Amino acid sequence: MHVIDSHTGGEPTRVILGGGPDLGTGPLSERAARLAEAHGAFCRSVSLEPRGQPAMVCALLVPPVDPGCVAGVIYFDAGAVLGMCGHGTIGLAVTLGHLGRIGPGRHRIETPAGIVTVELRDAHEVTVTNVESRRSETGVTVELPGHGPVTGDIAYGGNWFFLVEDSPVPVGPERIPELTAAAIALRRALARRPGAAAAPVDHVIFYGPALGPGAHSRNFVLCPDDAHDRSPCGTGSSARLACLAASGRLGAGEEIVQESIIGSTYRLSWQPGAAGGVIPSITGRAWIMAEARLHFDPDDPFRDGIRL
Ligand code: PYC
């Protein structure tokens with residue numbers, strides 16, 4: 001299996017160029033559902049240790065339905081198949097540029113959540129124009145054992161997020177174990193809410209004060225596999241833009257800088273969407289790290305990955 005690894009603001013993306021499962025044809029949302037239902041062992045074998053690493057997000061290239069797209073892609077981590085992935089799309093654009101498959105300029109990419117646009121600005125910098133994003137609920141309060149009530153918004157940015165502005169744990173790299181435990185407990189509590197199936201939250205974001213000059217805030221993002229995003233999270237930033245726009249705190253075209261838990265940054269802005277939400281723009285930088293062929297020896301006791 002031929003893969004190229006990159007990182008976007010510290011968050012890894014493994015682009016699978018060939019050798020993945022046959023998902024048939026049809027809409028990418030259906031092919032993504034097939035991947036989730038029938039190929040869990042494949043997803044874990046590529047993303048988990050020893051071949052992968054805890055934060056790994058994989059990008060399986062598939063033929064797009066729309067001939068105007070340069071690629072179709074289905075993202076997954078060890079815990080879930082994702083609707084979209086912002087850092088992964090930045091990594092994918094840089095990888096396609098590295099391969100000479102795209103040049104500088106704008107290109108369309110098909111994902112299970114819809115068609116997104118990438119603008120490859122140079123070898124590293126990419127702006128993603130994401131699918132329309134929206135806040136679905138505001139002021140949702142859930143009980144977090146050991147901390148008390150925690151209030152946040154539920155929003156869609158290509159994946160579903162619970163966004164907590166008043167973090168129950170200070171947002172800093174030295175608090176990652178507590179942030180992770182709190183976010184997992186909140187996600188569990190949210191899953192028990194009536195109506196949870198309509199907005200199946202699998203990512204949780206806590207916000208705290210930015211450390212860098214000029215940045216809007218710093219975040220901690222819990223992903224479906226319980227790893228935290230090292231980047232500011234593209235789909236999470238899209239959900240954040242939808243919340244800021246809905247509460248009148250950020251106007252169309254205004255730009256903010258979002259910091260990740262490790263201090264890497266995205267530049268963010270939005271334009272009005274056709275359905276009343278926002279069309280997010282996310283600008284970030286990615287670097288190629290490795291090009292490899294993965295081997296799956298039938299005698300390898302850890303061929304399908306190590307589940308800790
Ligand atoms: O950048 O959208 C993102 C993302 C989702 C999960 C990890 N990164």
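Ligands are counted one by one from 1 in listed order, and the atoms in each one are counted from 1 as well. What you see is a predicted model; the values in this text were computed from it and never measured.
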Does Arg240 make a cation-pi contact with Tyr207 (under 6.0 Å, within 45 degrees of the axis)?
->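 So Arg240 does make the cation-pi contact.
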
Would you mind listing which atoms of ligand 1 come within a distance below 4.0 Å of any non-hydrogen atom of [X]?
X      : result
His203 : 5 (C), 6 (C)
Gly234 : 1 (O), 2 (O), 3 (C)
Cys223 : 6 (C), 7 (C)

Where's the contact between Asp229 and ligand 1, heavy-atom distance under 4.0 Å: side chain, backbone, both or neither?
->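 Near ligand 1, Asp229 shows its side chain, while the N, CA, C and O stay back.
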
Does Phe302 CZ have over 12 foreign heavy atoms under 6.0 Å away?
->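 Open: at most 12 neighbouring heavy atoms sit under 6.0 Å from CZ of Phe302.
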
Does CZ belonging to Arg188 count more than 12 external heavy atoms closer than 6.0 Å?
->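 No, not enclosed.
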
Do any nitrogen or oxygen atoms of Thr235 come within less than 3.5 Å of a nitrogen or oxygen of ligand 1?
->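 For ligand 1, there is an N or O atom that lies under 3.5 Å from one belonging to Thr235.
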
Under 3.5 Å: N/O of Asn159 near N/O of ligand 1 =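 Min N/O separation from ligand 1 is not below 3.5 Å for Asn159.
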
Do the ring centers of Phe76 and Phe42 come within less than 6.0 Å of each other?
->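 So the answer is yes for these two rings.
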
Centres of the His203 and Trp160 rings: under 6.0 Å?
->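 Between Trp160 and His203, which both carry aromatic rings, the centre distance is not below 6.0 Å.
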
